[in-house]
Undergrad: 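One structure, as structure tokens, below. Some questions next.
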Amino acid sequence: MTTDTDPLFAEDPITGEEIELPADVEVGEIIDSPVTGTELEVISLDPVVLEEAPELEEDWGE
Amino acid sequence: MTTDTDPLFAEDPITGEEIELPADVEVGEIIDSPVTGTELEVISLDPVVLEEAPELEEDWGE
Amino acid sequence: MTGEGTAADPDSPVGEATTETYTASVIGGTGFTGGELLRILAGHPSFEVVQATSRSADNMTVGRSHPNLRGLDLRFSSPEELEPVDVLFSATPHGVSMERIDEYVETADTVVDLSADFRLPEAALYDEWYDGHSAPEYLERAEYALPEINRENLPGADLIAGGGCNATATILGLKPLVDAGVLGPETGEVVVDVKVGSSEGGAGGGAASSHPERSGVVRPYAPTGHRHEAEIEAYLGLSVSFTVHAVDMVRGASATCHVFPEEPVSKGDLWGAYRGAYADEPFMRIVSGSGGVYRYPEPKSVAGTNHGEVGFELDPGNRRVVVFSAIDNMTKGSAGQAVHAANVALGLPETAGLEFDGLHPVGSP
Amino acid sequence: MTGEGTAADPDSPVGEATTETYTASVIGGTGFTGGELLRILAGHPSFEVVQATSRSADNMTVGRSHPNLRGLDLRFSSPEELEPVDVLFSATPHGVSMERIDEYVETADTVVDLSADFRLPEAALYDEWYDGHSAPEYLERAEYALPEINRENLPGADLIAGGGCNATATILGLKPLVDAGVLGPETGEVVVDVKVGSSEGGAGGGAASSHPERSGVVRPYAPTGHRHEAEIEAYLGLSVSFTVHAVDMVRGASATCHVFPEEPVSKGDLWGAYRGAYADEPFMRIVSGSGGVYRYPEPKSVAGTNHGEVGFELDPGNRRVVVFSAIDNMTKGSAGQAVHAANVALGLPETAGLEFDGLHPVGSP
Amino acid sequence: MTGEGTAADPDSPVGEATTETYTASVIGGTGFTGGELLRILAGHPSFEVVQATSRSADNMTVGRSHPNLRGLDLRFSSPEELEPVDVLFSATPHGVSMERIDEYVETADTVVDLSADFRLPEAALYDEWYDGHSAPEYLERAEYALPEINRENLPGADLIAGGGCNATATILGLKPLVDAGVLGPETGEVVVDVKVGSSEGGAGGGAASSHPERSGVVRPYAPTGHRHEAEIEAYLGLSVSFTVHAVDMVRGASATCHVFPEEPVSKGDLWGAYRGAYADEPFMRIVSGSGGVYRYPEPKSVAGTNHGEVGFELDPGNRRVVVFSAIDNMTKGSAGQAVHAANVALGLPETAGLEFDGLHPVGSP
Amino acid sequence: MTGEGTAADPDSPVGEATTETYTASVIGGTGFTGGELLRILAGHPSFEVVQATSRSADNMTVGRSHPNLRGLDLRFSSPEELEPVDVLFSATPHGVSMERIDEYVETADTVVDLSADFRLPEAALYDEWYDGHSAPEYLERAEYALPEINRENLPGADLIAGGGCNATATILGLKPLVDAGVLGPETGEVVVDVKVGSSEGGAGGGAASSHPERSGVVRPYAPTGHRHEAEIEAYLGLSVSFTVHAVDMVRGASATCHVFPEEPVSKGDLWGAYRGAYADEPFMRIVSGSGGVYRYPEPKSVAGTNHGEVGFELDPGNRRVVVFSAIDNMTKGSAGQAVHAANVALGLPETAGLEFDGLHPVGSP
Ligand SMILES: NC(=O)c1ccc[n+]([C@@H]2O[C@H](COP(=O)([O-])OP(=O)(O)OC[C@H]3O[C@@H](n4cnc5c(N)ncnc54)[C@H](OP(=O)(O)O)[C@@H]3O)[C@@H](O)[C@H]2O)c1
Ligand SMILES: NC(=O)c1ccc[n+]([C@@H]2O[C@H](COP(=O)([O-])OP(=O)(O)OC[C@H]3O[C@@H](n4cnc5c(N)ncnc54)[C@H](OP(=O)(O)O)[C@@H]3O)[C@@H](O)[C@H]2O)c1
Ligand SMILES: NC(=O)c1ccc[n+]([C@@H]2O[C@H](COP(=O)([O-])OP(=O)(O)OC[C@H]3O[C@@H](n4cnc5c(N)ncnc54)[C@H](OP(=O)(O)O)[C@@H]3O)[C@@H](O)[C@H]2O)c1
Ligand SMILES: NC(=O)c1ccc[n+]([C@@H]2O[C@H](COP(=O)([O-])OP(=O)(O)OC[C@H]3O[C@@H](n4cnc5c(N)ncnc54)[C@H](OP(=O)(O)O)[C@@H]3O)[C@@H](O)[C@H]2O)c1
Ligand SMILES: [Zn+2]
Ligand SMILES: [Zn+2]
């Protein structure tokens, strides 16, 4: 157990599965889904809503 | 010929050989010696005096 | 038989099963997959290796061939004198096992063969893709080792045929699409572009696999006509356009499958198909566009392990699904798969002996 | 102007042309392709490099960044103070040249840009694939650098746009099929599966390109949607399904193209198409099923050179043509291609400065 | 405290001890040795990891940084909020632990620090070789982690200082000669020529450790004056001439020690010295002129394991002893050594969590 | 003889000499150094290769063995039928040339042998280090190829013996110290710790040099007693403690020499010694603590070139000088050295055919 507060749960926006989040996440924070690994943005907290984070543009040159 | 000004010459502090510097070097600038490759700090300009630059600490971890 | 009390034995409670010890032998012990079998079995709680054979290193210690096994107190002995065991693993070049299979099945209760000799379901396929088959009567009896697609037929199997490494990577990548109906025999071209490490060639070597010639390559080594096409067709029910490249790594096989579904699919559909297929699989992971450095399947991420990674991406126009699949050819692609199958066949915990999760960072594994 | 007497100059006989010297500058001289330009130009009989720019290494010797150029008596200077030259080569990240192009064309008679800024023929494509274009009026004026497909338009060109390395490999591989009518916009899916070395990422680097993370990989880095698709479509007239993998080499790009022609083709047809296209090309080689270790195109075989290798194989059922194409991304894929184009533009011998034939054996080049 | 019943606890019989579970945390969990600690502890029967810290990846899964740990259900949390644990492992750059050591010893019963902060016995050495020490009062309390030379002082230790990887390789190679009296402070020059992999530099990276620049090197990176000289002198009682080269591998440190004994020694003497020192050590192997491919110590043979290999050879004239020593810098050279020391400190079986024996074949590990 | 007018010929003005063409043959043309000779000679303005021999690839094209030479219009022929040439280069394993030397000197005006057969000055040394010598009468006549130490004896030489690659690296590193009186036979131990690439082993290969076993190694391959010790002693006049390691590169030899001068030396002394020795040498560079990524000699920096890099560093206490020396074993260490020596012997410009300056970035060369 890592915190005194209750764990947070939310729906994974891609698979619809329930996922657990750290208790101290904040709106706007980017966390990764434990199911898909995708980076998700915390849109709201009550209820917890997650959205796929805009992908880092990572062009490795041409 | 890369500039309109006259080229600068100085004594390489390690080998004593005469070396040419870009005409626009400034006091405090770090340039590398064409003879030894060592990084040199420009201490003064008239006359040009060069000194070995303090080595970058580059510890690659343990 | 020392291995009384397998899960296939109704008298044996599962809890107890894992305390049994099965004797095992490895034919072809100096080879790459033979060494890998010895490594896995030596660390397996339910196996005791009693024999490892070699013709070229007869009577030498196993550690002389495989430096990681220097701690193993075992010497190679001749394949001509096989000791009776519970499970015989054979890791010889194609063609050897089919000649000796009668002897093998007499020597052991369970035979697990890593070569191509019993992988294909019909003798005709051996005529077409190989040089025929000398013991076709065993083909029906043999069970394909890959639990992800043949788990239900493995318990109690007495002849198990390990999959080919490139075929394994491909089948693991495409099976969920086939099961979900996204892909079928009528779908149109499926291109499978494979990249493999040098250990696929076995310990034998040759001019093309010497370090100076083999380093740093991207070398088309099977441009077309690779025999694993037959195996893929046999187990997926569809034909693929298959090309294999050698790249600069020692372990690893990576298959990139380019699929053009007839109906458009969404990312959600794909996640559904792959989660449905693999969410409960102990060795399968879906890695598909995650953050950080390792965003898609990579051989590095699974090197030394029995894990398989699969992932996918959609073309902007949704007309193409690209599926990535990565395994270690020496574990999931051969020796690990073989032990996994043996675990299932004997009713042992599936992950027994296969718990190693790999290293990070790791170079060219 | 020191470069009187180019081939574009009617008074100048070709024989004399090669004794002229053109002054040249390299913008982005600390970068990978900038260093390659400096290397090639320093050994070129008709060029004299008078300026190489860097913001980060201003006043430092060129040899400090590029150890192979320690013999070169040249220091970097600021890109803000450009000297007038005959030919300006620019090797900066995408977006820099389009901002400074007015200045460049004033400074130099010929501008050769290695970035993507002038490769695509229309502004709309920059809106679709990049973040738009700030100097679209130059797009029509720009000539694509690759002589194998655009030689006739290069003589006298004053703005030349170097091709992308992956696009170059793909175009060189497929162009002969397009020209021979084997492949066209209506053909059906063309899968292009690319493998590239780490120098493609430039000198910048990042976590994913650190040695521990980047070694030994087969890493999908552009699963779909790579910008070179636009370039390929622009110059081949067909769209391709494009996927790029990072593998463990530093130099090299290898494209494997899987093509499904509507009409069956024979090996003879293919040899005809490729010989027709490349028999007279000074830098192209067809390597297609020869003996020995190097049977098909490989980046190793062309590392450090301006050569391109192409080869092909037919599926047993003749339904698929697999085309292999290999280049060095730093030479044929960028700096070498740029100098080759400049040679053509100025009427110099095509191979001037580009004679290096590579090494054998060579590791991971 | 959950870890009642350590071997230091007189009430606890050893047999029972291994069934206890100790809670553990890892400071610096995104780093290379931090990841290695997490890997080892996750597979350790007596540890439960409750916290792994990161400032840069706060709240992200551990598997995002370390793909081999994707199966671990743990997220990074801030190093500012430490949870009380039985054992705190710290794997941060030099200088961090000395600032926070008061807090660490309050948070945990046992602190194991992998940095250089508590390795040297005296504050004066930190003035000489580093930038001084901010908590010198802990230096006497700290125990050097390497059990092969400090086993007797580890049980019950509450502050353990992990050795440097190059120092570990050197000390393991030379200690038997010191103990046997072949080598001492008066012996004359001892040259230690070290070759290391890129993971020694940590996850941070920089221009020199990018893949294009770092691949294929033999690069003198610490020609003279390496800080590990101080550590070697502290634990061997003699000074060495130390030079470190970067070579193309990710994991591994290999020390070649050139020793010129005053009195002639025989091979038998050497075998006696090394067997005497290491025959009973669970992780040490003597590899010295055996047959096959792997005749002397090699990093490849121990990659991913906590094994150390040592071997030796005599110059024909018997005037020089060459000692070879190979370890994996990430395991025996840091994280494995740390867990080994913790095992000894807590009275656990020494090899617990460290049983992995490595792979064969393996590339550039 | 086509080569009239060498510099050794008093009638021939130097300017004209370079327009002469000498015919040349290469014995052992399929080998690694044979291929390198062919590459260099093919690009050399004054040589025309008329024969390259092979027993195993008789009548095959040269490009089949060496893909970089696909453009060369030449086929291998039997070494039994030698054509008369101006210069015969031989690149066969030790022992072959001494058997055929009578024939070679009849066939050619100048014989350049790359093997060890004529390197040592006395037959007794062949008895001690090799298996004796069958043509000792040639030993005095042979000139050591390395111009940096034997330039004055090369003009007009008719039998030239190429240096060993590891010996060359060592001699180039230490010679300036010997000449400056810092190092002499009485100095005390000189430790030479060498790291080499896989091409040193030649094209033959074997189990230990297969890609899976040879990748990623730091492998002691000549712990003591390497034959190059004799060569070093012969040309430097002092004995060294010599140890050679195989590392993961294909080309390159790097020698780290640890020297303990009797009198303290300063950095200025060292710069003086090395500048004095090499400032005017066309192929030697002093790289010693410069900035950037490449601060000391590295094989990568000279890969593919005939350059040698040397550098040095002083121990803080000034009691040790560490000398680093790096060459490409295939060029400066064998084929390039041979051509350089031939250039000097024939009065050609020293750098003719050897102008290639190498690549940056480059992987594992
Ligand atoms: N390498 C892979 O990634 C991989 C993956 C999947 C499947 N496989 C299959 O696994 C099998 C073994 O492959 P490998 O890579 O391990 O090969 P390998 O390294 O070449 O080893 C072959 C082994 O078989 C022994 N052997 C050869 N001929 C024999 C004979 N006639 N009778 C008895 N023993 C014989 C050899 O040892 P001695 O000569 O000392 O007796 C050696 O130990 C092959 O069928 C291969 O297709 C390999
Ligand atoms: N690498 C390849 O294989 C390859 C192949 C084909 C095409 N290209 C294209 O070639 C171009 C260069 O690629 P690269 O790999 O050589 O990149 P690179 O190694 O990152 O070098 C970029 C160079 O541009 C300079 N630079 C950056 N921003 C600048 C600015 N705003 N103004 C002036 N100079 C600037 C940098 O030096 P300072 O920061 O010191 O000024 C550096 O010298 C890119 O457009 C790339 O897409 C590369
Ligand atoms: N690599 C080796 O082979 C090796 C061998 C022996 C000993 N060591 C020693 O082990 C230690 C770690 O080395 P490494 O190679 O693992 O380094 P690394 O990969 O750079 O990792 C350093 C870790 O420390 C964290 N960190 C950095 N500054 C911090 C601070 N002020 N407070 C809290 N956390 C901080 C970093 O994560 P965030 O930035 O995300 O917090 C990162 O997780 C070093 O002292 C090194 O000398 C390393
Ligand atoms: N590799 C290096 O870095 C290096 C450096 C310095 C010196 N050397 C020396 O250079 C020589 C060649 O080395 P390498 O590495 O190039 O060897 P290699 O790759 O093994 O080539 C040897 C060549 O000699 C031919 N050959 C072998 N035996 C022969 C015979 N009895 N008669 C005629 N031809 C024969 C072989 O071709 P066929 O079998 O087809 O005839 C082959 O072409 C050796 O003496 C070596 O010590 C090598
Ligand atoms: Zn490699
Ligand atoms: Zn590498």
Side-chain angles (χ1 to χ4, degrees), chain E residues 188-189 191 193 195-197 206-208 210-221 223-225 239 241-243 245 247-254 256 258 260 289 292-300 303 311-317 319-320 322 324 326 360-365, chain F residues 188-189 191 193 195-197 206-208 210-221 223-225 239 241-243 245 247-254 256 258 260 289 292-300 303 311-317 319-320 322 324 326 360-365:
Chain E
E189 302 306 342
V191 170
D193 192 294
K195 296 90 184 162
V196 301
S210 76
H211 184 267
E213 305 294 19
R214 181 65 174 70
S215 290
V217 298
V218 178
R219 176 175 295 167
Y221 95 79
T224 60
S239 73
S241 290
F242 202 73
T243 297
H245 306 77
V247 297
D248 195 351
M249 60 185 176
V250 169
R251 287 172 172 249
S254 166
T256 302
H258 307 263
F260 302 89
V293 168
Y294 297 84
R295 301 175 177 223
Y296 294 95
E298 290 195 27
K300 284 221 323 184
F312 43 81
E313 206 50 75
L314 265 184
D315 234 351
R319 63 194 167 87
R320 178 175 57 132
V322 189
F324 301 102
H360 177 248
V362 70
S364 180
Chain F
E189 301 307 341
V191 170
D193 192 294
K195 297 90 184 161
V196 301
S210 76
H211 183 267
E213 305 294 19
R214 182 65 174 69
S215 290
V217 297
V218 179
R219 177 175 295 165
Y221 96 81
T224 61
S239 72
S241 291
F242 202 73
T243 297
H245 306 77
V247 297
D248 194 350
M249 58 187 177
V250 170
R251 287 171 173 251
S254 167
T256 303
H258 307 263
F260 301 88
V293 168
Y294 297 84
R295 298 173 178 221
Y296 295 94
E298 291 195 25
K300 283 222 319 185
F312 43 81
E313 206 49 75
L314 266 183
D315 234 351
R319 61 194 169 86
R320 178 175 57 133
V322 189
F324 301 102
H360 176 247
V362 70
S364 178

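For the numbers below, each heavy atom of this structure counts, side chains included, while hydrogens, waters and symmetry mates do not. To find a chain, count down the sequence lines: A is the first, B the second, and so on, and within it residues start at 1. Not measured: the values here are computed from a predicted model.
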Undergrad: State the NZ-OG distance between F:Lys300 and E:Ser215, to the nearest 0.5 angstrom.
TA: 5.5 Å
Undergrad: Would you call F:Lys195 and E:Asp193 a salt bridge, taking side-chain N to carboxylate O under 4.0 Å as the test?
TA: yes
Undergrad: Check whether any side-chain heavy atom of E:Val217 sits under 4.5 Å from a side-chain heavy atom of F:Glu298, and report yes or no.
TA: yes
Undergrad: Of all heavy-atom pairs between F:Val218 and E:Ser254, which one has the smallest distance, and what is that distance?
TA: CG1-OG, 3.6 Å
Undergrad: Looking at F:Leu314 and E:Thr224, what are the two nearest heavy atoms and their distance?
TA: O-OG1, 3.2 Å
Undergrad: Using 30° and 60° as the class limits, which term best fits the ring planes of E:His258 and F:His258: parallel, tilted or perpendicular?
TA: tilted
Undergrad: Between E:Ser241, E:Ala303, E:Gly206, which has the largest tally of heavy atom pairs under 4.5 Å with chain F?
TA: E:Ser241
Undergrad: Is the cationic atom of F:Arg295 (NZ for Lys, CZ for Arg) positioned less than 6.0 Å from the six-membered ring centroid of E:Tyr221 and within 45 degrees of its normal?
TA: no
Undergrad: Please examine the side chains of E:Thr256 and F:Pro220, heavy atoms only from C-beta on, and report whether any two atoms are closer than 4.5 Å.
TA: no
Undergrad: Determine whether a donor-acceptor pair (N or O, by modelled atom type, separation under 3.5 Å) exists between the side chain of E:Arg320 and the backbone of F:Phe242.
TA: yes
Undergrad: Heavy-atom pairs under 4.5 Å with chain F are the metric here; pick the option from E:Pro299, E:Ala326, E:Gly311 that has the most.
TA: E:Pro299
Undergrad: What part of E:Tyr294 gets closer than 4.5 Å to chain F, counting heavy atoms only: side chain, backbone, both or neither?
TA: side chain
Undergrad: Taking side chain as everything from C-beta outward and backbone as N, CA, C, O, which of these in F:Arg319 sits under 4.5 Å from a heavy atom of chain E? Side chain, backbone, both or neither.
TA: side chain
Undergrad: Of the listed residues (E:Gly289, E:Pro223, E:Gly252), which shares the most heavy-atom pairs with chain F below a 4.5 Å separation?
TA: E:Pro223
Undergrad: Decide yes or no on side-chain contact (heavy atoms from CB on, under 4.5 Å) for E:Phe260 and F:Val191, but give the supporting numbers first.
TA: CA-CA 10 Å; E:Phe260 302 89; F:Val191 170; 3.6 Å; yes
Undergrad: Picking from E:Met249, E:Glu313, E:Glu189, which has the most non-hydrogen pairs under 4.5 angstrom with chain F?
TA: E:Glu189
